[in-house]
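In what follows, a single structure is set out as C-alpha cells and then discussed.
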Amino acid sequence: MQEHELWLTALFNRFLAGPANSILGLFRVKVEDPAHPWANWMTMELLVFLIAIVLFAVLRSQLSVDKPGKLQHIFEVIYEFLRNNAEEVGIHHPTKFVAYFGTLFIFILFCNLIGVIPTFESPTMVPYVPAGLALATFAYYNFQGFREQGVFRYLAHFAGPMPALAPVMVPIELVSHMARPLSLTIRLFANMFAGEQVTMAFLKLTFLVAPAIFMGLHVFVALLQAYVFTLLTMIYVSAAIEHEH
Amino acid sequence: MKDKQNSYLMLSRYIGLATLLPTATFVGYAIGYLLDKGLGTHFLKIVFLVIGIVAGFVQLIRELTRDAAEK
C-alpha cells in the first residue's frame, strides 16, 4: 500500500478502479487492495503521457518552415542536440534512431520535472518506471543490433575478436549486457529519489531559501539524468550496430 | 558549442561508469544464484560472482581505454 495518495491518484481510484482491476486481472496480477489499484507513479506516468501528446499535437499544428515559433525552435534545438550527440558516440546515420532517443529523453525529462509541481511527484523515483524504460532500451539496442548486423554476426560479437577466448568472453559479455538495464534503473531511480528526499527534508526544517536551492539542484539533476539515460542508450545502440567487430 | 557538447558527453560517460562495477557484480551473483537454485548446485553463485566482477572491470577498462584513444 502506498504511503500517501495524490489527489489525481485518488480520483483515478474513485472512478477508474474497476477498469484497472479488469486489466490487471487479464495479466493475472493480484491487487493488494482492489479499491485502490492505481498507484501514484501510474497516474503520474499517464499524466506525463497526456502532456506529451497535447504538447506535440500543438507543436504539429504550428509547424512552419517560413515562420517557426518558439516551441518549434526549442524542439528543433533538442532534436539537433540529440542527433549531434548520437553522431559523436559513433552512430553514422543517426536520423533513424533519433525518434527513440528523443522519445526517451522527453519522457524521462517530463517525468523527472513533474515532481517540481506541488501536489505531483516524479514517477521516476519509483523503481518500476526506470526499470521499464531500461528494459525497453535493452530490447531496442539488441533489436537494432540484430537488424543491422544480422543474427549470426551480432551473436558472434559476444565471443570477442579471438575465437580461443570465446568460452571466457561469452559469459563476461552476457553478464555485462544484463547489468546494463540494472545500472540504468538504479542510476535514474536513486538520483530522483535522493533529490526528492533532500528537498522534502529541507522543507520540513524551513520554508526559507534552502528548499528552493535544493529544488533548483533537483531540476538540474532531472535534466542531467534524462540526458545520461539517453546518452547511455546511444552508446549501447552504437556498440550494437558497429560493424568493425 | 562542439567543445561544450563533448564535455557533456564525457561527463555523462563518467557518470555511467559509477554504477558499472557494482551492478555487474550483483547481476553475476544473481545469475549464479538462480542457476544454483534451478540446477541444485552450490558453486555457480561463486563462479558467476567472479564473472560479474571480471565483466565489470572489462567494461570499465574498455570505456577508459576508448576515452584515452579518443584523446
Side-chain angles (χ1 to χ4, degrees), chain A residues 77 80-91 101 105 130-131 134 137-138 158 160-161 165 167-191 220-221 223-236 238-239 242 244-245, chain B residues 1-39 41-71:
Chain A
V77 167
E80 276 303 310
F81 182 71
L82 292 174
R83 215 184 75 87
N84 291 341
N85 268 294
E87 222 161 15
E88 285 272 327
V89 299
I91 300 174
F101 300 148
F105 179 72
T137 288
F138 181 75
F158 284 85
L165 283 176
V168 181
M169 289 309 290
V170 169
I172 288 175
E173 286 291 335
L174 282 179
V175 170
S176 74
H177 274 260
M178 288 170 88
R180 286 173 177 181
L182 185 70
S183 160
L184 287 172
T185 305
I186 289 173
R187 192 179 311 106
L188 182 57
F189 155 66
N191 278 290
F220 173 70
V221 171
L223 268 163
L224 186 70
Q225 288 307 319
Y227 177 60
V228 168
F229 198 110
T230 314
L231 190 95
L232 287 170
T233 304
M234 288 177 190
I235 292 172
Y236 298 154
S238 164
E242 67 184 2
E244 287 91 317
H245 292 295
Chain B
M1 181 68 189
K2 205 83 176 167
D3 281 350
K4 210 172 176 184
Q5 201 164 308
N6 273 333
S7 312
Y8 290 138
L9 212 81
M10 296 292 277
L11 175 75
S12 302
R13 270 188 184 169
Y14 288 129
I15 287 175
L17 291 184
T19 48
L20 198 74
L21 204 56
T23 48
T25 308
F26 176 78
V27 166
Y29 181 81
I31 293 171
Y33 176 81
L34 291 174
L35 284 174
D36 268 346
K37 224 175 161 186
L39 302 171
T41 51
H42 297 286
F43 65 97
L44 286 173
K45 60 169 91 73
I46 305 295
V47 172
F48 274 87
L49 175 69
V50 174
I51 290 174
I53 295 167
V54 173
F57 272 109
V58 167
Q59 283 297 105
L60 196 69
I61 291 163
R62 245 186 220 161
E63 286 288 327
L64 293 176
T65 49
R66 186 169 63 181
D67 285 345
E70 278 171 11
K71 281 173 193 169

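The chains referred to below are lettered A, B, ... by the order of the sequence lines, with proteins before strands, and numbering in each begins at 1.
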(message) Rounded to the nearest 0.5 Å, what separates atom CZ in R62(B) from atom OG in S176(A)?
(response) 6.5 Å
(message) For chain B, which candidate among L174(A), L231(A), L184(A) shows the most heavy-atom pairs at distances under 4.5 Å?
(response) L231(A)
(message) For Y236(A), is the OH atom crowded, meaning more than 12 foreign heavy atoms sit under 6.0 Å from it?
(response) yes
(message) Report which part of I186(A) has an atom under 4.5 Å of a heavy atom belonging to chain B: side chain, backbone, both, or neither.
(response) side chain
(message) Quick check for you: among P22(B), A55(B), A30(B), which has the greatest number of heavy-atom pairs under 4.5 Å with chain A?
(response) A55(B)
(message) So for M234(A), is it side chain, backbone, both, or neither that comes closer than 4.5 Å to the heavy atoms of chain B?
(response) neither
(request) Please determine, among R180(A), M178(A), H177(A), Q225(A), the option with the most heavy-atom pairs under 4.5 Å with chain B. (result) M178(A)
(message) In the structure I gave you, are the side-chain heavy atoms of L224(A) and I15(B) within less than 4.5 Å of one another anywhere?
(response) yes
(request) Search all heavy atoms of V175(A) against all heavy atoms of I51(B) and return the closest pair with its distance. (result) CG2-CG2, 3.8 Å
(message) With a 6.0 Å cut-off (strictly less than), is the heavy-atom count around CZ of F57(B), excluding the residue itself, greater than 12?
(response) no
